[in-house]
Amino acid sequence: MPRVRVYVTLKPALLDSAGRTVTSSLQHLGYEEVSDVRIGKLIHLDVDKVEEARIKEMCQKLLANPVIEDFSFEVVG
């Protein structure tokens, strides 16, 4: 059964407050090399067959908010 990984992130122009908090925390822990963190979500879909148009539709209708989030997906396994 194919598995699809869907990645959802805030659009780059939007402030990622969770990412900013993690960036600051890592720097306070001594990881000065970290200049930015963007937080997103990873969604695994097990599907009977891969139809890219249907997966894109799922992303646009439910898995992501297209107004504020970008998404991408890849088929694995």
Side-chain angles (χ1 to χ4, degrees):
M1 176 174 289
R3 172 168 280 185
V4 178
R5 288 184 187 149
V6 178
Y7 303 95
V8 180
T9 58
L10 285 172
K11 291 186 180 278
L14 296 177
L15 175 66
D16 181 348
S17 59
R20 183 172 278 184
T21 299
V22 171
T23 301
S24 177
S25 297
L26 286 171
Q27 291 172 342
H28 281 94
L29 290 170
Y31 299 102
E32 304 290 335
E33 68 272 27
V34 178
S35 60
D36 189 32
V37 175
R38 301 290 291 180
I39 302 290
K41 56 187 170 187
L42 168 64
I43 302 165
H44 291 267
L45 302 173
D46 292 328
V47 295
D48 293 333
K49 61 182 179 180
V50 175
E51 293 183 45
E52 291 192 14
R54 301 249 322 147
I55 294 167
K56 185 176 179 181
E57 183 180 283
M58 289 180 220
C59 292
Q60 292 171 328
K61 287 186 173 181
L62 180 68
L63 302 177
N65 179 344
V67 175
I68 61 169
E69 296 174 320
D70 290 328
F71 65 87
S72 63
F73 57 88
E74 65 178 343
V75 179
V76 295

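What's counted below: heavy atoms across the whole structure, side chains too, no hydrogens, waters or symmetry copies. We're numbering straight along the sequence, starting at 1.
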With the 4.5 Å side-chain cut-off for hydrophobic clustering, are [X] and [Y] part of the same group?
{"X": "V37", "Y": "L29", "result": "yes"}
{"X": "L14", "Y": "L63", "result": "no"}
{"X": "V75", "Y": "M58", "result": "yes"}
{"X": "Y31", "Y": "I39", "result": "yes"}
{"X": "V47", "Y": "V8", "result": "yes"}

For G40, does its backbone N or O pair with a side-chain atom of T9 as donor and acceptor, under 3.5 Å? no

How far does [atom1] of [X] sit from [atom2] of [Y], to the nearest 0.5 angstrom?
{"X": "S35", "Y": "Q27", "atom1": "OG", "atom2": "CD", "answer": "7.5 Å"}
{"X": "L10", "Y": "N65", "atom1": "CG", "atom2": "CG", "answer": "9.5 Å"}
{"X": "I43", "Y": "R5", "atom1": "CD1", "atom2": "CZ", "answer": "13.5 Å"}
{"X": "H44", "Y": "F73", "atom1": "NE2", "atom2": "CZ", "answer": "15.5 Å"}
{"X": "R20", "Y": "R38", "atom1": "CZ", "atom2": "CZ", "answer": "9.5 Å"}
{"X": "D16", "Y": "T23", "atom1": "CG", "atom2": "OG1", "answer": "8.0 Å"}

E52 atom CD, neighbour heavy-atom count above 12 within 6.0 Å: no

Other residues, nucleotides, ligands: >12 heavy atoms within 6.0 Å of D36 CG: yes

P66 to A64 - nearest heavy-atom pair and separation: CD-O, 3.2 Å

Apply the test side chain to side chain contact (heavy atoms under 4.5 Å, CB included) to residues D70 and K11: give CA-CA distance (whole Å), side-chain angles for both, the deciding distance (0.1 Å), then the verdict. CA-CA 6 Å; D70 290 328; K11 291 186 180 278; 3.1 Å; yes

Note, E74 side chain near V4 side chain (heavy atom, < 4.5 Å):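 Side-chain contact under 4.5 Å: no.
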
